[in-house]
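Every number for a ligand or one of its atoms is a count from 1 in the order of the listing. Here, residue 1 is the first one in the sequence, and each next residue gets the next number.
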Amino acid sequence: MKKREPHYYRIRVWVFWGVIGVFVSLIGAAYFKEDLHDWWICSRGREEVTFDEMESELENKGECFLCGYSSQSLREQYETSDGVGVISLNDWYVLEFQGKGYGGADSEDTRDRGLSTTFGNTGEITYCSKGNPARGMASIEITLPDDYSLDSTIIQNNLCQECLDKIGESLRYDKWKNEKKEAVPLCMVDLKTLEIYSLQDWHRGCTIRDYWIEIEPEKGKMGIKLFSVPIKNK
Ligand SMILES: [Zn+2]
């Protein structure tokens, strides 16, 4: 019986090494996918995103949601408040910290030795607000929608230019040029002075009068803690 001859392929040297090269590159790319992605994100450097261009559409300054004198404005609604609040900018929903001396008698409150917890969903954000007035502590935890971004319609239509500029200033943030990152559509407000404070992810804390604020941003979440700092020599 005739012995079967083995078969061979003839292949050009550059094709052979070319195929091996492509193969090794593919394995490498799969293995270092995360690193390559990170490298791509950082490859064009950083940029600052600003909101200086927002123009107020409000005709009557007296109706401004922040500094105006209408029933909608924070100046009127929180006239007697000594507190601090968080504003959800896309729907202008204001959450006040349940710190010392206040803590609304909300029907949803569950009170236990002065502790209170309120949950809610504004349609835009979900929140959990806790207060411990006896200890002068309060916290608000906000969960943002997955694909959150700023919708400036309400603020442009209802804030005067001066207040809109203050909000715009608080929205500034840094990002990698290739990074997909949006402004967090939230800010903090001192309900006594109507000063605005940033809640972008670079901001980790500040003092507002006799309150110390700690901010813990997480992906899609924002945790804010308020502590009453007793003022000495008073
Ligand atoms: Zn205003």
query: Are Glu124 and Ser88 linked by a side-chain donor-acceptor pair shorter than 3.5 Å?
result: no

message: Cys206: which residues meet the side chain to side chain contact (heavy atoms under 4.5 Å, CB included) condition with it, sequence neighbours left out?
response: Met188, Tyr197, His203, Ile208, Ile213

message: Using a cut-off of 2.8 Å, how many protein N, O or S atoms sit around the Zn ion (ligand 1)?
response: 4

- request: Assess whether atom CH2 of Trp202 is packed by more than 12 heavy atoms of other residues, nucleotides or ligands within 6.0 Å.
  value: yes

All side chain to side chain contact (heavy atoms under 4.5 Å, CB included) counterparts of Arg172, not counting sequence neighbours: Glu48, Thr50, Asp52, Glu169

- prompt: Got a sec: does the NZ of Lys130 have more than 12 other heavy atoms crowding it under 6.0 Å?
  reply: no

field: Those residues that, when tested against Asp35, pass salt bridge (Lys or Arg N to Asp or Glu O under 4.0 Å) (two or more places apart)
entry: none

